[in-house]
Protein chains: 2
Amino acid sequence: MTVTLADVAARAQVSPATVSRVLNGNYPVAAATRERVLKAVDELDYVLNGPASALAAATSDLVGILVNDIADPFFGIMAGAVQSEIGGPGGRAGGERLAVVCNTGGAPERELTYLTLLQRQRAAAVVLTGGAIEDAAHQAAMAAKLRRLAEAGTRVVLCGRPPAPETGAVALTFDNRGGGRELTDHLIGLGHRRLGYIAGPQERTTTRHRLEGHRAALAAHGIEEDARWTVHGRYDRQSGYEATLELLRRDPSLTAVVAANDSVALGACAALRDSGRRIPDDVSVAGFDDLPFSIDAVPALTTVRLPLAEAGARAGRIAMGREEAPIGGIATVRGELMVRGSCGQPRGV
Amino acid sequence: MTVTLADVAARAQVSPATVSRVLNGNYPVAAATRERVLKAVDELDYVLNGPASALAAATSDLVGILVNDIADPFFGIMAGAVQSEIGGPGGRAGGERLAVVCNTGGAPERELTYLTLLQRQRAAAVVLTGGAIEDAAHQAAMAAKLRRLAEAGTRVVLCGRPPAPETGAVALTFDNRGGGRELTDHLIGLGHRRLGYIAGPQERTTTRHRLEGHRAALAAHGIEEDARWTVHGRYDRQSGYEATLELLRRDPSLTAVVAANDSVALGACAALRDSGRRIPDDVSVAGFDDLPFSIDAVPALTTVRLPLAEAGARAGRIAMGREEAPIGGIATVRGELMVRGSCGQPRGV
DNA sequence: TTATACATAGAAAGCGCTTGCTGTACGGCT
DNA sequence: AGCCGTACAGCAAGCGCTTTCTATGTATAA
């Protein structure tokens, strides 16, 4: 029913081996023969059987990309950049590779399951994006899995994620701590002394690092933090909205709200507006990531730009072996403070 | 080096056939034997070889999702919804399936290439999202490809895309024309008579349908359209910014700008603000899609909500055969007008 | 007790491709 | 003329799994 290599071989009057070599182009075939084969391929509408090739050659052209939430541009941008570099159609590289984008939803077990699935497919490479989950058992399981993947020849690259020692994985880590520090430094420089902080989910490295940066800035300026000033939530708009209301209830005198990311910041802005406060006159708001929409907020968000596309592209190239891994297998990617309208001096300064 | 089925069989003291049956669970195996096998699997850290399974069983657990731009939430939301339904880890369905998200970048040839790649992998199903490209040659090529996929047993679902007759593909089509019509009706109802329109790229069905809806509304109200009032651009913010400036240059008396989608609308808002106009006092702005950030624009965008997540989920279920296809293989998904602050009455009404 | 059905496990034949090795023909060299 | 190197092309052995068919042991019926 389906046409196979042998059918093509028969029609072109050559052996299956020759057809295979024409299609893979890694062995000399006389021009005339090649023509005949290509013609037969075309006439029969032949399409190689991927699984069979993969089995015989013990390689695959699948590349896995793990993301927390594909609907979030933060991940979409990185995934797109990775994909553009791994050499899928339209990419710069040669062989055609298929990107497998896996949506973990931030769930530990799904992260692991997807990795197994990718291992099962004998993926050529895997890129993991986003922060890691801070759970000892899970981290051990992940490390074991990554090690096994590496052993099986799958290149593993972490993009925007802390290093995973002894796994053979290359890490491109975002300097969340530094960015958080710089952002809060800026606010303090403007005169703020009472700053609310809307953190992400508790058990994530990204959350912790950004918060640590924030606190480091406070400490450096001798500002004693009030425990009521920190609220944890999810990395989305709604969470930002609710958290801001909570923050305001706890301490209505806050002059600034620092959000875990831009989506949260947008929610914060909405909450502030809905409660009759003006930004930045009454309360300043800061985000993180600098996603495309952040500049369209009114006022535009002051935030820390993370070079998501660049980092993703680099991760893709490293995964494909087209760029050397950084020394030590670890590189830190810094963010850049984007000063815009959503942060100003507090009243009376 | 790598552990195979045979290794597991040897350790569990059973035949490879039995191990396979335990792992696939589609043949009676005595409980005691199953235990032994599972134990061996665990001890050896065995992971099935996907390509080999696929080859032997002539089936695969890959599902392809074609999107124009993975970094755009419009597609991200649909892709995420499809994925949540196809039964990957964490999904509702049983067998574990891998979603392959393919970024076509809107390029015709990449669309085709990805389809071939998916065909090569013997994908279980393919979901194509986003508008189709209006080029006769390309459409014929696509139709042929889709037909061949269907023949090979791959289920094909179009999500937010016009039907592809005679291909066996199920289509969940967005009512872009109706939505566009309703939106412009609304603006006219507010008193607008001079409306600029920022359309998407020329050769896309989505662009054409939305524009047709807009024009139908104008015609229905006896408003003669000025050719200068329509500008084509891309589906992004920057394009919206530039197009708005162009529109304003052509006719500074416009009282409303209708954008091809929300991103374009955001760009339009920025351009209007930068040129010193207030929204909606001086000029009203309308978008399309109702992406999450649209409500955070200031003023919030009046737009047409497309149920992206619902449509994607349904497409996913149909692709998995878990929901019946609509009668005739075609269903129209309607948008909903969201009236918000970015549209108001024009001056002097 | 013997015949018969049933439950379970194994043997073996592929699935469609890749690739190391083995021809074979031809041209150039001595 | 004889030899050898080169350039192709083919043979055939798998790659690791699934699945049909067959074998064996056990329970039930006659």
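Since we're looking at a predicted model, the values are computed, not measured. In the text below, chain A, chain B and the rest are named by the order of the sequence lines, each starting its count at 1.
- Between the side chain of A:Thr205 and the backbone N or O of A:Ala132, at least one donor-acceptor pair lies under 3.5 Å.
- Ionic pairing of B:Lys39 and B:Glu43 is present here: one or more N-O contacts between side-chain nitrogen and carboxylate oxygen are shorter than 4.0 angstrom.
- Nearest-nucleotide positions on DNA chain C for B:Ala31 and B:Ala52 put B:Ala31 closer to the 5' end.
- Checking side-chain atoms of A:Asp69 against main-chain N and O of A:Ala71 turns up a donor-acceptor pair under 3.5 Å.
- In terms of phosphate contacts, A:Asn49 brings no side-chain nitrogen or oxygen within less than 4.0 Å of OP1 or OP2 of C:dC15.
- B:Gln13 places its CD atom 14 Å from the P atom of C:dA9, with the value rounded to the nearest Å.
- Closest to the side chain of A:Ser20, out of C:dG16, D:dT19, C:dT18, is C:dT18.
- Closest to the side chain of B:Leu55, from the set C:dT19, C:dG10, C:dG16, is C:dG16.
- Set against C:dT19, C:dA9, C:dA11, the side chain of B:Ala30 has C:dA9 as its closest nucleotide.
- When heavy atoms are screened at a 4.0 angstrom cut-off, B:Ala58 is found touching no nucleic acid atom at all.
- Toward the 5′ end of DNA chain C lies the nearest nucleotide of B:Pro28, the other residue of the pair B:Arg122 and B:Pro28 mapping further downstream.
- No hydrogens or angles were tested; on distance alone, a donor-acceptor pair under 3.5 Å links the side chain of A:Tyr27 to the base of D:dA9.
- OP1 or OP2 of D:dA9 has not a single side-chain nitrogen or oxygen of A:Ser15 nearer than 4.0 Å.
- A donor and an acceptor atom sit less than 3.5 Å apart, one in the side chain of A:Arg21 and one in the base of C:dG20.
- For the 3.5 Å distance criterion, the side chains of A:Thr116 and A:Thr113 fail to qualify, holding no donor opposite an acceptor.
- Using a 4.0 Å cut-off, no side-chain N or O of B:Thr4 falls inside it from OP1 or OP2 of D:dC15.
- Under 4.0 angstrom from either OP1 or OP2 of C:dA9 there lies no side-chain N or O belonging to B:Thr18.
- Ranking D:dG16, C:dG16, C:dA9 by closeness to the A:Ala56 side chain, first place goes to C:dG16.
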